[in-house]
Amino acid sequence: MLKYPEELKEEKVEKKFDFPILHDPSKKVVTRFAPNPDGPLHIGNIRSALLSYEYSKKYNGKFILRFEDTDPKTKKPILHLNQMEKLDYQYILEDLEWLGIIPDEIYIQSDRLNIYYKYIEELLKKGFAYVCQCLDNEIKINRLKGIECSHRSIEPEQNLELFYKMLTGDANGVIRIKTDMKHKDPSVRDWIAFRVIDPKKYIHPRIEKIKSYLGYEPYLWPTYNFSVSIDDHLMGVNLIFRAKEHLNNTIKQSYIFKYFNWDEPKVIHYGRIKVSGLTLSKSKIVKDYKDFSNPDLATIIAFRKRGFLPESIKTVILELGIKPSEAIISLENLYAINRKLIDYATDRYFFVYNPIPVKLNIPEKIIIKRQLHPSRKDFFEFELEPNPEILICKNDLDSEVRLINLGNIKIKKINGNYIGEFSEDQSLEYAKEKLKFIQWVPSNRKVKCKIKVPSIINKNQLIEGYAEPEISKLKINTIIQFVRFGFVKLDEIKDNECIFYYLHD
RNA sequence: GCCUCGGUAGUUUAGCCUGGUUAAGAAUGUAGGCCUCUCAAGCCUAAGAUCCCGGGUUCAAAUCCCGGCCGAGGCACCA
């Protein structure tokens with residue numbers, strides 16, 4: 001939340017992302033983002049979303065969001081991140097919305113099982129697929145050796161019979177797509193399109209909805225490559241941006257398109273994203289972190305909490321372009337972009353950590369005018385009583401310093417206590433030439449602060465200190481800058497303590 | 001091990017497909033200056049790349065070809 005949102009300088013954001021024309025210009029371009037809703041979105045998996053959305057927008061196309069939740073076993077879908085959410089997988093939508101991505105259409109694959117059944121039935125009829133009842137190890141070995149198993153030559157009628165039984169768990173096995181058992185990539189050799197998953201043992205979070213349209217409890221679930229192929233075709237997707245880890249999947253999927261005589265969408269593969277120092281692995285995030293907004297994470301929620309502007313995230317990702325080589329996101333770059341965007345609109349306040357009390361020998365009271373921003377005129381003021389005690393950061397202890405908005409003081413240590421006296425020369429010129437400018441907080445006029453910081457900046461993830469009490473009047477989510485400390489975002493105020501997220505310096 | 005794909009300033013990236021004024025461009029970062037009661041932002045300047053290495057094709061190669069080195073991804077009844 002910014003005080004002067006109108007000050008956001010648009011031209012800084014509006015980099016020209018010159019997408020080359022990748023689609024067939026005679027057709028309306030349709031792109032999609034197809035996440036597995038098994039955890040929060042992070043900076044790695046929004047690349048496809050951002051590229052797809054921006055591209056479709058630029059060329060007046062359509063953008064589809066599709067939840068790929070067809071594995072209740074190893075990639076169990078997460079319906080809600082917290083109790084508050086009403087719609088399934090709403091948390092993904094919220095992250096996308098924050099990034100300015102509004103889908104034209106939304107689909108959930110677990111709503112579409114009957115569609116996948118219909119198409120595999122057709123392939124079975126035509127003999128392009130078959131039910132294989134080998135043990136998983138046999139499948140593996142035969143694959144590596146390039147050997148066709150006996151099930152491959154079973155007649156369609158018998159396959160269909162088995163298929164109908166498998167739907168309700170009355171037969172075992174997998175359904176494989178006939179490709180080429182001598183294909184140079186073993187994983188392509190008769191890849192698996194459906195497998196049986198026991199719904200009693202592995203409960204899909206949307207099972208009631210699924211049962212209601214299917215009329216029974218399904219045992220047969222399509223694998224990624226099958227459902228993706230069918231959906232991409234049915235939804236008219238003709239341009240796909242995806243990570244190059246999917247390169248061999250594209251080969252597998254092309255068999256489906258060939259058997260149905262469909263046009264294949266154009267696929268652009270890009271490299272993986274890494275962010276140095278921040279955790280990206282979704283399974284690790286889900287397993288190791290209770291709080292998905294932990295500042296150590298590169299989740300969208302964490303970035304949002306810390307106070308990044310969506311424009312900054314967007315810029316950094318889109319700047320990576322669509323190279324197939326791997327990309328490491330430069331956090332410095334992200335900070336720089338965000339800093340420039342928020343700088344003018346963020347008020348400055350004083351925050352002192354590792355506080356050291358200093359007694360000032362100032363006999364009369366003074367009115368202090370505190371500037372809220374060096375480039376703006378607005379300020380607040382307060383009265384500093386005679387001989388006050390103030391707090392400064394331990395590492396700012398110097399024999400002579402400039403207390404910003406107060407004056408130049410000399411600090412002496414007497415009997416273990418620090419005493420400050422006004423220097424003879426109070427001029428700014430002198431201070432600029434010789435002294436360190438430091439922030440300070442009066443001991444009797446302060447509010448306690450805790451700042452959640454990424455562990456790469458501070459090991460224990462929490463910096464405590466005192467700030468000027470004005471901050472406790474700020475609205476939650478306001479971004480401010482603690483002078484000579486960094487930008488922070490107010491997250492909550494509780495028990496007279498202000499809790500902030502650290503953004504960047 | 002097998003199969004793909006990459007390798008441009010400290011970092012990220014443009015250019016490579018369709019070789020030749022771009023004596024390799026940008027951002028960030030770094031250094032210096034101006035401005036400023038922050039080590040922020042803003043303005044100005046500078047330094048910084050043997051375009052991974054070696055060979056070839058060509059009048060001409062970052063761009064095309066071959067070999068090497070390094071890196072990434074894949075080799076699931078996961079997406």
Side-chain angles (χ1 to χ4, degrees), chain A residues 9 12 15 18 20 34-38 45 67-71 73-77 109 132 134-136 139-140 143-144 172-176 183-189 191-197 220-225 227-228 242-251 269-272 274 276 282-283 315-316 318-321 323-337 339-346 348-350 369-371 373-376 402-408 427-429 431-432 435-439 481-487 504-505:
Chain A
K9 291 176 185 150
K12 278 182 186 164
K15 295 246 170 184
D18 283 326
N36 181 328
D38 65 341
N45 46 31
F67 293 108
E68 311 216 314
D69 58 345
T70 60
D71 182 7
K73 190 175 169 184
T74 50
K75 287 271 172 84
K76 190 166 179 163
Q109 286 195 322
C132 178
C134 293
L135 299 172
D136 34 356
I139 292 180
K140 208 171 180 177
R143 255 213 197 113
L144 287 175
N172 241 314
V174 295
I175 302 180
R176 302 176 70 176
H183 193 282
K184 63 178 176 181
D185 180 349
S187 79
V188 172
R189 296 172 187 169
W191 55 270
I192 288 163
F194 281 85
R195 76 293 210 195
V196 169
I197 296 174
L220 201 53
W221 290 88
T223 61
Y224 166 79
N225 278 307
S227 52
V228 160
R242 64 176 163 205
K244 70 173 178 181
E245 65 205 43
H246 285 295
L247 263 163
N248 65 349
N249 288 325
T250 305
I251 299 167
H269 295 277
Y270 54 79
R272 299 201 77 169
K274 280 183 188 155
S276 50
K282 204 196 262 178
S283 52
T315 304
V316 171
L318 290 178
E319 256 179 5
L320 296 176
K323 301 207 310 182
S325 54
E326 50 294 335
I328 298 168
I329 288 193
S330 155
L331 283 177
E332 268 191 348
N333 213 313
L334 175 63
Y335 296 161
I337 293 167
R339 187 183 298 128
K340 284 172 189 172
L341 286 173
I342 63 173
D343 185 87
Y344 189 82
T346 46
R348 271 53 171 174
Y349 290 99
F350 289 164
K369 274 195 177 183
R370 287 268 304 103
Q371 275 179 285
H373 192 286
S375 326
R376 297 199 316 257
R402 172 76 178 190
L403 297 174
I404 299 171
N405 290 152
L406 206 183
N408 305 336
S427 71
L428 245 189
E429 292 66 34
K432 278 183 183 169
L435 307 180
K436 187 151 65 159
F437 282 68
I438 68 166
Q439 74 277 22
Q481 189 202 56
F482 280 141
V483 171
R484 303 202 315 133
F485 180 80
F487 292 90
H504 49 66
D505 59 9

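Convention: sequence-line order gives letters A, B, ...; per-chain numbering from 1.
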(request) Scan Asp343(A) against the nucleic acid and name what it touches under 4.0 Å (heavy atoms): base, sugar-phosphate only, or nothing. (result) base
(request) For rA23(B) and rC70(B), measure between their P atoms and round to the nearest Å. (result) 36 Å
(request) By nearest nucleotide on RNA chain B, pick out whichever of Val483(A) and Glu68(A) is the more 5' one. (result) Val483(A)
(message) Would you measure the distance from the P atom in rA26(B) across to the matching atom in rG73(B) and give it in whole Å?
(response) 32 Å
(message) Can you check the distance between rA14(B) and rC64(B), where both ends of the measurement are the P atom (answer in whole Å)?
(response) 15 Å
(message) Need one value for Ala431(A): base, sugar-phosphate or nothing, where a base atom within 4.0 Å counts as base even if backbone is also close, heavy atoms only.
(response) nothing
(request) Looking at every strand, decide which applies to His269(A) at a 4.0 Å heavy-atom threshold: base, sugar-phosphate, or nothing. (result) nothing
(request) Return the minimal non-hydrogen interatomic distance between Val228(A) and Gln109(A), and the atom names on each side. (result) N-NE2, 4.1 Å
(request) Just call it for Asn249(A): base, sugar-phosphate, or nothing, with non-hydrogen atoms closer than 4.0 Å on any strand. (result) base
(request) Look through every strand shown and name the nucleotide pairing with rU30(B) as Watson-Crick or G-U wobble, where both distances are under 3.5 Å. (result) rA46(B)
(message) Please determine whether any donor N or O and acceptor N or O are separated by less than 3.5 Å between the side chain of Gln481(A) and the base of rU38(B).
(response) yes
(request) Find out whether Tyr270(A) and Leu320(A) are in side-chain contact, i.e. whether some heavy atom of one side chain is under 4.5 Å from a heavy atom of the other. (result) no
(message) If I pick the P atom on rU12(B) and the same atom on rG56(B), what distance separates them, to the nearest angstrom?
(response) 32 Å
(request) For rC44(B) and rU36(B), measure between their C1' atoms and round to the nearest Å. (result) 16 Å
(message) Both Thr74(A) and Arg484(A) contact RNA chain B. Taking the nearest nucleotide for each, which residue is further toward the 5' end?
(response) Arg484(A)
(request) Tell me which nucleotide among rG73(B), rU4(B), rA79(B) gets nearest to the side chain of Lys184(A). (result) rU4(B)
(request) Could you please name the option among rC77(B), rA79(B), rC5(B) that lies closest to any side-chain atom of Ile192(A)? (result) rC77(B)
(message) Taking 4.0 Å as the cut-off, does a side-chain nitrogen or oxygen of Thr346(A) come that near to OP1 or OP2 on rA40(B)?
(response) no
(request) Tell me what Leu320(A) touches on the nucleic acid: a base, only sugar-phosphate, or nothing, going by heavy atoms under 4.0 Å. (result) sugar-phosphate
(message) Using a 6.0 Å cut-off, check whether atom NZ of Lys436(A) has over 12 heavy atoms from anything other than its own residue.
(response) yes
(message) How long is the straight-line distance from CD1 of Ile342(A) back to CD1 of Ile337(A), given to the nearest 0.5 Å?
(response) 12.5 Å
(request) Kindly indicate whether the side chain of Ser187(A), heavy atoms from C-beta on, has any atom under 4.5 Å from the side chain of Asn248(A). (result) yes
(request) Mark yes or no for whether Thr223(A), through its side chain, and Ile192(A), through its backbone, hold a donor-acceptor pair below 3.5 Å. (result) yes
(message) Expressed as a whole number of angstroms, how long is the span from Arg242(A):CZ to rG73(B):C1'?
(response) 14 Å
(message) Using OP1 and OP2 only, check whether a side-chain N or O of Arg376(A) sits under 4.0 Å from rA40(B).
(response) no
(request) Report the distance from atom CG of Asn248(A) to atom P of rA79(B), rounded to the nearest whole Å. (result) 13 Å
(request) Could you check how far CD of Glu332(A) sits from P of rU13(B), rounded to whole Å? (result) 15 Å
(request) Check the distance between rG73(B)'s P and Leu247(A)'s CG and give it to me in whole angstrom. (result) 13 Å
Might you list the N or O atoms of the protein lying below 3.5 Å from N or O atoms in nucleotides 35-37 of chain B, with each pair's distance?
| from | atom 1 | to | atom 2 | distance (Å) |
| --- | --- | --- | --- | --- |
| rC37(B) | O2 | Arg402(A) | NE | 3.1 |
| rC37(B) | O2 | Asn405(A) | N | 3.2 |
| rC37(B) | N3 | Arg402(A) | NH2 | 2.5 |
| rC37(B) | N3 | Asn405(A) | N | 3.4 |
| rC37(B) | N4 | Arg402(A) | NH2 | 3.2 |

(request) Run the salt-bridge test on Asp343(A) and Arg348(A) with the 4.0 Å N-O cut-off and return the result as yes or no. (result) yes
(request) Considering only atom C1', compute the distance from rC53(B) to rC69(B) and round it to an integer number of Å. (result) 7 Å
(request) Examine distances only and state if a side-chain atom of Arg484(A) and a backbone atom of Phe437(A) form a donor-acceptor pair shorter than 3.5 Å. (result) yes
(message) Students often get this wrong, so: under 4.0 angstrom with heavy atoms, is Arg176(A) touching a base, only sugar-phosphate, or nothing?
(response) nothing
(request) Could you tell me the separation between the CZ atom of Arg189(A) and the P atom of rC77(B), rounded to a whole number of Å? (result) 14 Å
(request) Respond yes when some side-chain nitrogen or oxygen of Arg339(A) is under 4.0 Å from OP1 or OP2 of rG29(B), and no when none is. (result) yes
